[in-house]
Amino acid sequence: MAVIQAPPRRQSVLFKVERRPEVSLKLRLAAPLIATLCTLLVGVLLFSSLAHNPIDALRLYFIVPLSTINGLSEWLLKASPLILIACGLAVGFRANVWNIGAEGQLVMGAVAAGAVGLFYPNPESPFLIVMMLIAGALAGMSWAAIAAFLKARMNTSEILVTLMLSYVAALFLSWLVHGPWRDPMGFNYPQTAMLPEAGLFEPFNMMYRLTPSIFITMLMVVATWLFIDKSHMGYKMKVSGAAPLAARYAGFKQSSAIWIGLLVSGAAAGAAGMMELAGPLGQLSPQISPGYGFAAIIVAFIGRLNAWGIVLGGLLMSLLLLGGESIQMSMGIPSSITRIFQGILLFFLLAADFFAMYRIRRVRGAA
């Protein structure tokens, strides 16, 4: 009887993604720098494909905006709301509470602050700007509380709720400035009347737009550092995010982390909206924010959810915004390239984080 031999088994090479047994702290800290360098390399290719000298383009983008006092003033002015919002977001992100709707909370903070500034009976009150700040923070907090309530009671996704509420807030602002709050002396533009002088931050120098509102951001940075790194509640928030089961076993309530994370981030975004209104803008309009609420998410992750790292991330993101305006005026490139750089930076940052925490290993298996 003939013996039929089975064909030899063919070996195939497979790849397996596995978590590193120990994450290198140096690699984690170097990830933002690696992401930034990769973004610059992509920028060189991008400008070359647009038939522009990449060296000149990058110089206009990253160096020229900071070569004057006015440029430095604008750099800090744009960085301030980014850092403020990112500090608030970092508190929730530490506990895996993902507030993606800071843009809407910023808008509602600006609306509430505008209501106080425009309709307070005594427009010359020395406390007007303080009341506007409180109103803005409370409005942002209240807008975030909607998502906190739905998450804590019904386990809805705070990502979707906060994001959708951002569009509701933008439409509400648009209705106000096109309708009941529109300035009758504004030549039919969708904007409110200017705020009274008592409701505006006075610039340090009338030649530049930087205002003392930057001190609010500095206080928020210190408060975030103390809360996250030095307080017992901040420790509980970190444990809730890193090991939810261990936190539950230790008696840490997830609902507390949800409420604290969303309310703090909402208050920070609302205060940032008030600062924009009472600072460089002076009146409400549909374009109250150039996307600070969304850009601050990238800032928080660039800064590794650390208060001092967020300062550096905010300065970098502010430079991207400022450089986009500079290159638009000098080379005629659309300012939307700023969004491209933001997206590329976030992509490389996530990729660097992935390779810092995971590794790809070759394994052999039978086909």
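As the structure is a computational prediction, the values presented were derived from the model and not from experiment. Scope of the values below: all heavy atoms of this structure, side chains included, with no hydrogens, waters or symmetry mates.
Qualifying side-chain contact (heavy atoms from CB on, under 4.5 Å) partners for N188, counting only residues two or more places apart in sequence or in other chains: R182. For A170, there are no side-chain contact (heavy atoms from CB on, under 4.5 Å) partners, not counting sequence neighbours.
The two atoms that bring S166 and G101 nearest to each other are OG-CA, 3.2 Å, heavy atoms only. Between L305 and R94, the shortest heavy-atom distance links the atoms O-NH2, 3.0 Å. In this structure, L277 and L200 approach most closely via the heavy-atom pair O-CD2, 4.3 Å.
How far CG of L160 is from CG of L150: 11.5 Å, rounded to the nearest 0.5 Å. Atom OG1 of T192 is separated from atom CZ of F119 by 8.0 Å, given to the nearest 0.5 angstrom. Here the CG atom belonging to L319 is positioned 10.5 Å from the CZ atom belonging to F341, to the nearest 0.5 angstrom.
Residue R339 qualifies as open at atom CZ: its count of foreign heavy atoms under 6.0 Å is 12 or below. No more than 12 heavy atoms of other residues, nucleotides or ligands lie within 6.0 Å of OH in Y167, so this atom counts as exposed by the packing criterion.
Under the 30°/60° scheme for interplanar angles, the aromatic rings of W308 and W225 are found to be tilted. Aromatic ring orientation, W98 versus F93: tilted (interplanar angle from 30° to 60°).
Taking hydrophobic clusters as Ile, Leu, Val, Met, Phe, Trp and Tyr residues chained together by side-chain heavy-atom distances below 4.5 Å, I146 shares a cluster with V264. A continuous path of hydrophobic side-chain contacts links L89 to M108 [ILVMFWY only; heavy atoms under 4.5 Å].
Here the options are L350, L349, L345, the test is side-chain contact (heavy atoms from CB on, under 4.5 Å), and the partner is F301; only L349 passes. Checking T162, L165, L106 one by one against W143, the side-chain contact (heavy atoms from CB on, under 4.5 Å) holds for a single residue, L165.
Between the side chains of D183 and Q283, no donor N or O sits under 3.5 Å from an acceptor N or O. The closest side-chain donor-acceptor pair between S289 and E103 falls under 3.5 angstrom.
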